[in-house]
Amino acid sequence: KKKISDILEKSTPKAGVPADLQNLLSQYFSENRSVIEKEELKLSDSCFLPANDLTHSFSSYLKEICPKWAKLRKNHKEKKSVVMLVICSSALRSLELIKSMTAFKGDCRVLKLFAKHIKIKEQMNMLEKGVFHIGVGTPGRVKALVEQDGLCLNSTKYMILDWNWRDQKLRRMMDIPEVLYKHLYLLYSLFSLLLILVPRSWSVRFYFC
């Protein structure tokens with residue numbers, strides 16, 4: 001049986017594309033959703049903008065996909081929400097991404113949205129009392145915050161998926177079963193919520209970094 005490391009050594013790294021996420025959603029929910037629900041889950045190409053072609057740093061990639069960030073940051077006044085939501089596989093990876101976006105974020109406020117050493121009540125209190133522009137964390141904690149009404153997604157304009165990064169075992173976020181489940185559940189919740197808030201119009205855009 002071939003190991004993923006053996007396959008990767010002989011292949012050129014390939015950046016994630018919208019079809020990867022579209023196929024995952026379709027496959028995962030195909031058995032327990034009605035025909036109508038499956039149709040509603042389909043993400044149109046307009047929900048995606050260019051993925052990282054593996055030549056960018058995280059900050060340079062964010063600058064390219066969000067050229068009007070300064071204006072968005074300035075206009076964001078809502079508590080319990082973020083303009084940009086970055087989803088990755090672990091707390092350690094979240095910290096790496098926060099450090100690597102320094103050149104992009106400027107003086108905007110970034111909130112850590114993962115479970116390691118941080119209680120969910122603390123994050124809910126911070127979101128309720130202050131205004132944050134970027135949230136960086138794991139699907140499990142973001143999902144829990146949304147379910148407990150600690151994080152509102154109606155102001156979220158960008159969802160960044162840390163799709164291309166691999167851990168020490170060379171696994172991507174979508175190769176880890178538990179992370180994959182929570183991530184897809186989060187996407188389903190987000191999509192359903194936005195369909196209710198803004199019928200037939202989805203303002204969130206997905207990006208693959």
Side-chain angles (χ1 to χ4, degrees), residues 13-22 24 43-114 116 118 123 126-127 130-143 145-146 151-167 172-174 179 182-183 186-187 190-191 194 202-209:
K14 185 179 179 182
V17 294
D20 294 332
L21 181 58
Q22 292 167 323
L24 268 179
L43 302 177
S44 68
D45 290 339
S46 64
C47 291
F48 299 87
L49 287 181
N52 189 346
D53 59 5
L54 304 181
T55 64
H56 283 282
S57 67
F58 191 38
S59 278
S60 67
Y61 174 63
L62 293 178
K63 287 180 180 179
E64 180 175 285
I65 63 172
C66 190
K68 297 182 179 179
W69 174 249
K71 183 178 180 181
L72 286 172
R73 178 186 65 189
K74 183 178 179 180
N75 293 337
H76 180 61
K77 307 294 184 184
E78 294 185 37
K79 297 178 181 180
K80 296 178 64 175
S81 65
V82 293
V83 180
M84 179 180 290
L85 187 59
V86 183
I87 304 295
C88 50
S89 59
S90 68
L92 289 176
R93 179 58 178 165
S94 298
L95 293 174
E96 287 179 16
L97 289 177
I98 291 172
K99 290 178 181 178
S100 64
M101 68 164 62
T102 302
F104 167 78
K105 69 182 182 67
D107 60 355
C108 74
R109 301 187 70 189
V110 179
L111 184 61
K112 301 169 186 174
L113 300 176
F114 50 77
K116 191 173 184 179
I118 307 176
Q123 292 165 332
M126 293 177 72
L127 283 163
V131 175
F132 290 88
H133 306 89
I134 302 175
V136 184
T138 56
R141 178 49 60 92
V142 174
K143 172 178 173 287
L145 285 165
V146 171
L151 177 64
C152 181
L153 299 172
N154 59 344
S155 294
T156 303
K157 301 297 182 184
Y158 300 91
M159 179 175 280
I160 314 295
L161 308 180
D162 188 29
W163 192 278
N164 298 313
W165 182 78
R166 293 180 183 274
D167 63 14
R172 300 170 305 164
M173 176 169 59
M174 295 306 180
V179 175
K182 291 177 179 177
H183 185 271
L186 171 64
L187 288 179
L190 173 63
F191 187 64
L194 289 172
W202 202 6
S203 59
V204 175
R205 294 294 181 268
F206 288 96
Y207 303 86
F208 295 83
C209 68

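Model, not experiment: these values are computed from the prediction.
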So which heavy atom on [X] is nearest to which on [Y], and how close?
X	Y	result
Val136	Phe114	O-CD2, 4.2 Å
Val82	Gly135	CG1-N, 3.8 Å
Val86	Phe58	CG1-CZ, 4.1 Å
Ile98	Met101	O-CG, 3.2 Å
Ala103	Ser59	N-OG, 3.5 Å

Tell me, do [X] and [Y] make a side-chain contact under 4.5 Å, heavy atoms counted?
X	Y	result
His133	Leu111	no
Ser60	Phe104	no
Leu85	Val142	yes

[atom1]-[atom2] distance between [X] and [Y], expressed to the nearest 0.5 angstrom:
X	Y	atom1	atom2	value
Cys108	His76	SG	NE2	10.0 Å
Leu113	Thr138	CG	OG1	8.0 Å
Leu127	Glu78	CG	CD	12.5 Å
Trp163	Cys88	CH2	SG	14.0 Å
Asn154	Lys80	CG	NZ	10.0 Å
Lys143	Leu151	NZ	CG	13.5 Å

- Task: Not counting sequence neighbours, which residues clear side-chain hydrogen bond (donor to acceptor under 3.5 Å, both in side chains) with Asp167? List them please.
- Result: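 Asp167 satisfies side-chain hydrogen bond (donor to acceptor under 3.5 Å, both in side chains) with Arg171 once adjacent residues are dropped.
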
- Which of parallel (below 30°), tilted (30 to 60°) and perpendicular (above 60°) describes Tyr158 and Trp69?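 Because their plane-to-plane angle is over 60°, the rings of Tyr158 and Trp69 count as perpendicular.
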
- Query: Going by the angle between their ring planes, with limits at 30° and 60°, are His56 and Tyr61 parallel, tilted or perpendicular?
  - Reply: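 His56 and Tyr61: tilted rings.
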
- Query: Do any pairs count as a side chain to side chain donor-acceptor pair (under 3.5 Å) and have a residue in residues 95-113, sequence neighbours left out, and if so which ones?
  - Reply: Arg73-Asp107, Arg93-Glu96

- Derivation and outcome, side-chain contact (heavy atoms from CB on, under 4.5 Å), residues Asp162 and Ile87: CA-CA 6 Å; Asp162 188 29; Ile87 304 295; over 6 Å; no

- Message: Can you list everything that forms a ring pair (Phe, Tyr, Trp, His ring centres under 6.0 Å) with Phe132? Sequence neighbours excluded, please.
- Response: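 With sequence neighbours excluded, Phe132 shows a ring pair (Phe, Tyr, Trp, His ring centres under 6.0 Å) to no residue whatsoever.
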
- Message: Go through it in stages, so that I can follow the logic: the residues are Ile134 and Val83, the test is side-chain contact (heavy atoms from CB on, under 4.5 Å), and I'd like the CA-CA distance, side-chain angles, deciding distance and then a yes or no.
- Response: CA-CA 6 Å; Ile134 302 175; Val83 180; over 6 Å; no

